[in-house]
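Questions regarding the structure given below will be posed in turn.
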Amino acid sequence: MSILPAEFYEQPTLELAKSLLGCKLVKETEIGTASGYIVETEAYVGPGDRAAHSFNNKRTPRTEVMFGPPGYVYTYVMHTHCLVNVVSGEVGHPEAVLIRAVEPLEGIELIQERRGDKKEKDLTNGPGKLTKALGIIKSDYGHPLDQSPLYIKNGYSPKHISQGKRIGIDNSGEARDYPWRFWITENRFVSR
DNA sequence: ATGATGATCTACT
DNA sequence: GTAGATCATCATC
């Protein structure tokens with residue numbers, strides 16, 4: 001198993017979203033390493049995707065990294081929770097893949113400590129949950145995903161991939177119905 | 001019914 | 001520009 005090279009991210013966002021399923025997300029910290037398999041993602045295709053922060057090429061300090069080359073981390077702080085994205089699309093194309101859920105793999109003790117001893121199932125089945133579980137914070141913003149301490153490794157190929165509408169963007173007009181959410185079929189760690 | 005989560009919103013370092 | 005908060009929705013008791 002090896003760290004995915006920068007070239008891996010040079011594919012269409014929707015393809016990347018599916019490719020990331022089954023890959024291993026790893027975060028190293030001073031107190032230990034925690035990782036998990038990515039089991040759920042959402043694609044956000046900048047211009048034209050009303051639900052995306054980069055809709056209509058809206059460029060702000062926050063979305064700035066999305067305009068750069070793919071393979072970088074885009075962290076977003078919301079309600080004291082942190083969400084993680086993988087930047088995709090070429091330079092000038094503000095697209096990204098939101099990681100919504102992972103399956104705990106390494107550092108279970110560390111994850112449980114961070115999450116506060118919840119049921120295993122509830123440890124990482126949500127965008128805000130997995131970041132806290134793996135110790136990903138806003139200062140990871142702009143970090144290349146092919147280097148320590150935060151990176152993605154080759155995982156396994158999911159047998160079945162499901163596809164459906166995205167979640168939590170009810171006020172985004174037509175974009176609400178875009179079937180751009182992908183998850184590993186019948187994996188119990190998906191958010192829903 | 002209660003608790004937790006979540007692609008925002010507002011205020012001020 | 002950054003840091004911190006509020007309220008609707010989903011999940012579970």
Side-chain angles (χ1 to χ4, degrees), chain A residues 9 12-14 16-18 20-21 25 34 36 38-68 70-89 93-104 111-143 145 150 152 162-183 186-192:
Chain A
Y9 303 96
T13 300
L14 294 180
L16 182 63
K18 287 184 284 189
L20 285 173
L21 292 175
L25 179 64
I38 298 173
V39 298
E40 183 179 356
T41 61
E42 266 182 24
Y44 283 88
V45 183
D49 183 356
R50 198 166 164 173
H53 292 159
S54 54
F55 171 65
N56 201 18
N57 280 322
K58 182 179 182 182
R59 189 166 189 158
T60 70
R62 276 228 176 80
T63 62
E64 183 65 31
V65 70
M66 291 213 277
F67 288 83
Y72 284 77
V73 178
Y74 171 40
T75 51
Y76 185 80
V77 184
M78 171 186 194
H79 303 61
T80 65
H81 297 299
C82 189
L83 284 62
V84 200
N85 300 257
V86 176
V87 175
S88 67
H93 293 257
E95 304 176 1
V97 176
L98 168 68
I99 298 177
R100 284 194 62 86
V102 301
E103 176 181 342
I111 291 176
Q112 289 183 326
E113 184 180 333
R114 285 170 173 151
R115 294 282 302 137
D117 194 33
K118 301 283 185 180
K119 288 180 297 185
E120 183 185 34
K121 178 191 170 196
D122 296 321
L123 291 174
T124 57
N125 62 338
K129 299 179 184 178
L130 75 90
T131 55
K132 185 176 180 182
L134 296 184
I136 296 173
I137 54 181
K138 59 181 182 295
S139 59
D140 285 317
Y141 178 93
H143 179 81
L145 276 170
L150 178 61
I152 295 180
S162 296
Q163 181 173 0
K165 296 179 183 179
R166 290 178 293 181
I167 296 175
I169 53 174
D170 55 314
N171 201 9
S172 301
E174 301 174 355
R176 176 188 54 177
D177 297 324
Y178 294 173
W180 289 346
R181 182 167 72 101
F182 304 94
W183 68 95
E186 292 184 349
N187 184 294
R188 65 196 186 97
F189 290 100
V190 299
S191 61
R192 71 186 66 162

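Numbered from 1 within each chain, the chains take letters A, B, ... in sequence-line order. Only a predicted model underlies this, so the values are computations on that prediction, with no experimental measurement involved.
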| request: Could you tell me whether A/Y141 contacts a base, only the sugar-phosphate backbone, or nothing, with contacts defined as non-hydrogen atoms closer than 4.0 Å? | output: nothing

| query | Taking the side chain of A/Y44 as its heavy atoms from C-beta onward, which of B/dT5, B/dT8, B/dA7 lies nearest to it? | reply | B/dA7

| field | Separation of atom NZ in A/K165 from atom C1' in B/dA7, rounded to whole Å | value | 18 Å

| query | Considering only heavy atoms and no angle criterion, is a donor-acceptor pair shorter than 3.5 Å present between the side chain of A/D122 and the base of C/dA11? | reply | no

| field | Between B/dT8 (C1') and A/K58 (NZ): distance, integer Å | value | 10 Å

| query | A/R115 side chain N/O closer than 4.0 Å to the phosphate oxygens (OP1, OP2) of B/dT5? | reply | yes

| Between B/dT8, B/dT5, C/dG1, which nucleotide gets closest to the side-chain atoms of A/P61? | C/dG1

| With distance as the sole test, does A/S54 use its side chain to make a donor-acceptor pair with the main-chain N or O of A/T63 at under 3.5 Å? | no

| request: Please state how far atom CD1 in A/I167 lies from atom C1' in C/dC10, giving the value in whole angstrom units. | output: 10 Å

| Are any side-chain N or O atoms of A/R100 and backbone N or O atoms of A/E40, one a donor and one an acceptor, separated by less than 3.5 Å? | no

| Would A/R166 count as a cation-pi partner of A/Y44, with NZ or CZ less than 6.0 Å from the six-membered ring centre and within 45° of the ring normal? | yes

| request: For C/dT12, take OP1 and OP2 only and decide whether either is under 4.0 Å from a side-chain N or O of A/K121. | output: yes

| query | A/K119 side chain: which of B/dT8, C/dC13, C/dC10 is closest? | reply | C/dC13

| Who is the Watson-Crick or G-U wobble partner of B/dT2, with both distances under 3.5 Å? | C/dA11

| Spacing between A/K132 atom NZ and B/dA4 atom P, to the nearest angstrom | 10 Å

| Applying a 3.5 Å limit to both distances, which nucleotide forms a Watson-Crick or G-U wobble pair with C/dA3? | B/dT10

| message | What is the separation between atom CZ on A/R166 and atom C1' on B/dG6, rounded to the nearest whole Å? | response | 15 Å

| Pairwise 5' ranking along DNA chain C for A/R192 and A/T80, keeping only the more 5' one | A/T80

| said: Nearest whole Å is fine: how far is C/dA5 P from A/K138 NZ? | reply: 12 Å

| message | On DNA chain C, compare the nucleotides closest to A/H79 and A/S191; which residue's is nearer the 5' end? | response | A/H79

| Counting side-chain heavy atoms from CB outward, which of B/dG6, C/dA3, B/dT5 is closest to A/R62? | C/dA3

| message | Could you check whether any side-chain heavy atom of A/I167 comes within less than 4.5 Å of a side-chain heavy atom of A/E42, counting everything from C-beta outward? | response | yes

| Nearest-Å distance for atom pair NE2/P, residues A/H81 and C/dA5 | 12 Å

| query | Rounded to the nearest Å, what distance is computed from the CG atom of residue A/L98 to the C1' atom of nucleotide B/dA7? | reply | 7 Å

| Side chains of A/N125 and A/K121: donor-acceptor distance under 3.5 Å anywhere? | no

